[in-house]
Structure formats: C-alpha cells, structure tokens
There are 2 protein chains.
Amino acid sequence: MRVTIADVAREAGVSKTTVSRVLNTKGEVDITTAARVREVIASLGYVPSSGAVGLARGSSRTVGMLTPPLNWPWMGEVLQGVVDTVEAAGYGLLLFTCNRGAESVEHFTSQVSARAFDGLLLVEPENTLDTITAMHRKGLPVVLIDDRGHHPEFPSVATTNREGGASAARHLLAVGRTRPLVITGRRHFGCVRERLSGFLDVLPTGLVAEGDFTEASGRLAVERTLAAGTPFDSVFAHNDLSAVGALRALRAAGRTVPDDIAVVGFDDIPMAQHTEPPLTTVRQPMREMGETAARMLLAHLGGTPAPDEPVVLPTELIVRRSAPAS
Amino acid sequence: MRVTIADVAREAGVSKTTVSRVLNTKGEVDITTAARVREVIASLGYVPSSGAVGLARGSSRTVGMLTPPLNWPWMGEVLQGVVDTVEAAGYGLLLFTCNRGAESVEHFTSQVSARAFDGLLLVEPENTLDTITAMHRKGLPVVLIDDRGHHPEFPSVATTNREGGASAARHLLAVGRTRPLVITGRRHFGCVRERLSGFLDVLPTGLVAEGDFTEASGRLAVERTLAAGTPFDSVFAHNDLSAVGALRALRAAGRTVPDDIAVVGFDDIPMAQHTEPPLTTVRQPMREMGETAARMLLAHLGGTPAPDEPVVLPTELIVRRSAPAS
DNA sequence: CTGAAAGCGCTTACAG
DNA sequence: CTGAAAGCGCTTACAG
C-alpha cells in the first residue's frame, strides 16, 4: 500500500541507507546515484513516514503550544505568527488549551512525556507554570509568550508594558488631561503592575480602580467613579475590552468622548477600530511576539542557546478619536 | 534516560507483551499481574512514546486541521470547539493554515502523506479543495466545516444559511421595515447565495449590493446607496464586519440607527455586542460547529460510517438595539 | 493467562 | 561512495 523507503531502494537498485542519505543530504553520495534515487522518489511519490523518522531520530519535528482560551481577542494574531514561523521551518504545531481544567492539563502532560513534541510554546499560563517549570528542568525546551511578569526561569518574549503605560500617560498629558482614572487588570499580573507604574511615573493619580480585563469591569469602574462624584478628565484602561466598557458607561452617563473624557486602551484588538469613537490604544505586537517566540524555540531546538534575558518587543501608541492628538 | 516499556517489563518481571496488554487493556491479564505492572508504571512514571505507538499501530492519534487566517473574528470559537473535543478524546491537534500560499499548501500536503495525522478537519478551503478531494479519495478521512455551499464529496457541517437569511427578513418585516438594502459577500460562495435567497423569499427587494465581507465594503455599499438617493429603511449585511461598516456610514451620513435605518448582521462575532448601537444579528453556532465536526471525524476514525448528508446546525436571531423587537 | 519474535519505517554507527 | 545490520519503542499474530 504505502510506499516505503524499501520500495524506493529496490526500485533504484540501492540500499535503504543510500536512499536515506539522499533524503537527508547527509554523507557523500555519487551524483548520478543521487539523481536516480530522486527520480524514483518522485515517480513513486514517496514521502517519509513522520512517525518512523521521529522514532529513529528521537525527535518529532513538532512544536507544542499551550494557550489560554482561543477566543480571546488577540490569540488569533499570536497563533498566526506562531503557525507561520513553525510551518516555514518545516515543523508541525500541536495545539493544546488549558480550558478544561485539570483534565486537559493531564492530557497535555501525558503528551509531553510521550515526546509528541520537541519543544513548547506557552502563552500566559495561569496555573500550569509549576508543571511546566518541572518539565523544563527535565529538559523540555520552553519559550514563554507574555509572562505577565512572572519572570520564570526559561526564555520568554514580552512587550514594553511599563513604557506602554508611560506612553499613554504622555499622550494624555500632551492633550491637556491631568486627572485620569486608571482601570487596571488584576494586580497580581506583572504586566498590570508595569503598565500602572509606567503610567503613574508620568501622570500620578489617586484614581485607580482594579478591574479584571472584562468589559463589565471597565463599565463598573466608570459608573462607580461617576457616582462618587470624583472628577476625572480621562481614562486609561489596561486593556481594550475594559476600555470598551468605559466608553459605554460614559455614553450612558451622557459624557462625551473625547471632549469631556478622553479614553486610552491597551492591546489594539480588532474591535478598537470600530468602537464609537474609535479607540486610542497602546498596541501590543501580538503577531510579532508569536513569530519571535517560535523563532527562539526553533533556534534552541537547532542548538543555539536561548537568551537568558526576556526578549522585549516595543508597544506602539495608536492614536484614534477617543483621545486624538490635538 | 527515557523509561521504556522494556524497563517496566523488567522491573515487573513480565514480558513487554504483558505490559502492552495492561496498557491497552487488551486480552486477558491476571488481575494481580496487572496490578503489579500498573504499580511499576506509576512508580517509574512510564509514558508510552507516541511516536513508537503510532509507528507500530499505523495511526498517530492525531487530527489535522487546515484553517483560513486565524485572526478571522470567529475562527477562535471554531478552533476552541475543535480543540476541546479532540483533547477530550485523547487525540492531538495538528494545526495548519493556508496563509503562505503555495508554500504552505506544499508543507501541508507533505505532512498528510507523512501520515502525521489520521484525519483532517477543514475550514472554508478557498483553493485547496481539489487537493483535499484527491487525498480524500485516497483514503484520508475529512470533515468540512462551513462548506460555503460547495457541497463537496465528503462529510461536512454547515449552518442554516437560508433560514438565517429568512429570519432576518421576518424580523425586519415584523418591525415594519419594507425597503431593505442587502449587502452580500461574494456571490460565488454558496452561503451567500443561500442567505440571500432565504431573505428575498420573505422580503423581496431590488436593492442588493455585492460586498466582500469587509468593513469597507459595508461602508461603501451604504454610501453608494445614499448617494444614489434610493430610499431604504433597513440593512441586512451578510456578515457582522460589513454591518459594522454600514453602521459607520449611516452615522457619518447623519442617519439614526435604528430609527431611520434598522441594521441586521450575520455571525454574531464578539464585536457585535459592542457596536453603537449593539448589533442585531443572525448567530452562527461556530463553537458547536467545531465540536460537531470534530466528533464526526473522531467517530469516523473509530469506524462509524460518516453521514452522507451535511450536518446542519441552526442559526439564531440575536436581537439587539440596531434592530430592536418592538 | 503469558512470552518470544517479527515487524512498523526509518537512521546511524560500522565496515568496506 | 556504498551497504548490512542494529536499533528506535512499541504492537500483534502465533504458540503455548
């Protein structure tokens, strides 16, 4: 049925060893022999069995990726960056999520041990970091995307959260806003702490509400601040989703954006272009982060030692109408 | 280094065959022997090598998935549905995209032939359908998600596009709209033709603009219709993105939604909840479609013959303020 | 109920 | 430059 290396060898009148050699361009092979073998390979439509190759070589040429829920608005970009890079290198991408709690972690763990993949890409591991750290110590190459400030012991790629926060503050200051309301994510995330302190360094404020990255939390923060009667002239939300919530609460309260209140978000998810008004936001280079992480992992698998400092990609302030330039 | 079945066998004082039997609960094994083997497996932390198992069994317990760009707004949901289902069955998911054109198709094709996966899930294949059809004929199990009306020769899961279009029309009619503008996607997509004819059956109109599922195309369609001076009291856009474009164009022209013009979209992407006003839309059950397709493929791999009729999941009209009920 | 042996399809020393 | 043989870690008839 299936065409094997033995079939090719027989048809070409050489040994399997020789076929293997031309397949992997390893060792010297007579140029005519090689040509003949190649011809047979083509005419038979032979493709090496990845399973057999993996078993013999002890590696699977596959990379694993463990992600948070895939419907998070920016996961698509990260994943696309990873897939493109991994595919271009001739590797496969095995996808796992930690959606189904303990059960899926178990499934994932067993796949790791089963050597189903050679290295692992990790996105914002909520509660699997310990497990992963253990695996990494046992020799599994790991690269982390967005460490949320946990600073683990393996290579990671992050973004300039502190500078991103600072750039938001500088922008608000430049357009004359001095009394901002800051809506954060959960404080235990390193990225949240960094965005906050970067912002506060430039534009100090006592008005800081802890949110949880949901639209509802953004809405709630604004509603409460309005109800308390505390004056503010701008909002810096730690992600776009909560900025969207802020926009709605402001509109519902009859406040005009940006005239009464300017709003700046963080992430630049696709939705940010389509809010009313469109959202000024600090862009995270999600796709580039995915690409970079994948390249680092592949390089590591190829023998290049991994950088021990996190690779940090720059954020970029995207100015739209919710906090215009002038 | 690595713990193998031989280590377990030695430690337990049995043959590899016996270990394999308790591993796969296949054949009769003495209950005490089995217990002892299980103990050794646990204490040694033995996990079968997926590569070796795959080679010996001739199957990889892995499913492939070929998708359009992953940053499409509803891909996350589909993917999540698939991953959950596949993981729960103990399978791995190997992800491919047809992003990089010919090159990635080639990479993908070679993975297929390499038997890197046992079956394939396919989402809206733009131009790979021929290749896939050929593979299917050669015995690769395939399930298609959202066939866009191409009606291929393999199993597929779709949604009620025609009824979805009809439900949009009924809703508009119920709220007193009689002069709709329809903004379609490209006409060669089956889903577009179905949505359109379902709509027109209920609410005929001559005002049909062909778009291409982008926000810009929705905006353009509205701008042109307004410029032409043709009166209309509502918009039915074939996807949410172009509905968003329509909303913006209407606002820019000073028309009020829904008072002047009611707007209905299709898809129910996350953004639909956050437009101004929030978008009434025909929801496609993306996650369920992913789950269903995965279940069908797994069942097929398990020996159950695949249904030869497409499995059709119902759409649902989600009423929001852009076209309210009363 | 249990085991020895062959085989899955490759790669890789080793020898020539 | 080339090949025979062992080995990667399993499963599966076959025999007992």
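Given the structure is predicted, the values throughout are model-derived calculations rather than measurements. Just so we're on the same page: letters track the sequence lines, and every chain starts at 1.
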Paired with C:dA13: which nucleotide, if any, by Watson-Crick or G-U wobble criteria at under 3.5 Å for both distances?
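Checking every strand shown, C:dA13 finds no partner, since no pair has both distances under 3.5 Å.
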
For D:dA4, give its Watson-Crick or G-U wobble partner with both distances under 3.5 Å, or none.
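Pairing partner, where one exists within any strand: none, as none qualifies.
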
For atom [atom1] of [X] and atom [atom2] of [N], their distance in whole Å:
X: B:Ile5; N: D:dG9; atom1: CD1; atom2: C1'; value: 8 Å
X: A:Asn24; N: C:dA13; atom1: CG; atom2: C1'; value: 15 Å
X: B:Asp7; N: D:dC8; atom1: CG; atom2: P; value: 11 Å
X: B:Arg21; N: C:dG3; atom1: CZ; atom2: C1'; value: 8 Å
X: B:Leu23; N: D:dC10; atom1: CG; atom2: P; value: 8 Å
X: A:Ile31; N: D:dC1; atom1: CD1; atom2: P; value: 10 Å
X: A:Lys16; N: C:dC10; atom1: NZ; atom2: P; value: 9 Å

Say whether B:Asn71 and A:Glu77, considering side chains only, have a donor N or O and an acceptor N or O under 3.5 Å apart.
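There is such a pair between these side chains.
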
Donor/acceptor link under 3.5 angstrom from B:Ser20 side chain onto base of D:dT12:
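Side chain to base: no pair below 3.5 Å.
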
D:dG9 base / B:Arg57 side chain donor-acceptor hit below 3.5 Å
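In this structure, the two groups form no donor-acceptor pair.
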
Measuring from atom CZ of A:Phe154 to atom NE2 of A:His136, what distance do you get when rounded to the nearest 0.5 angstrom?
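Atom-to-atom, A:Phe154:CZ and A:His136:NE2 are 6.5 Å apart.
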
What heavy-atom pair brings A:Ala9 and A:Ser15 nearest, and what distance separates the two atoms?
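Shortest heavy-atom separation between A:Ala9 and A:Ser15 comes out as CB-C, 3.8 Å.
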
Of the nucleotides D:dT2, D:dT11, D:dC8, which one has an atom closest to the side chain of A:Leu55?
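Ranking D:dT2, D:dT11, D:dC8 by closest atom to the A:Leu55 side chain puts D:dC8 first.
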
Are any non-hydrogen side-chain atoms of B:Leu121 and B:Leu144 less than 4.5 angstrom apart?
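SC-SC contact between B:Leu121 and B:Leu144 ruled out.
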
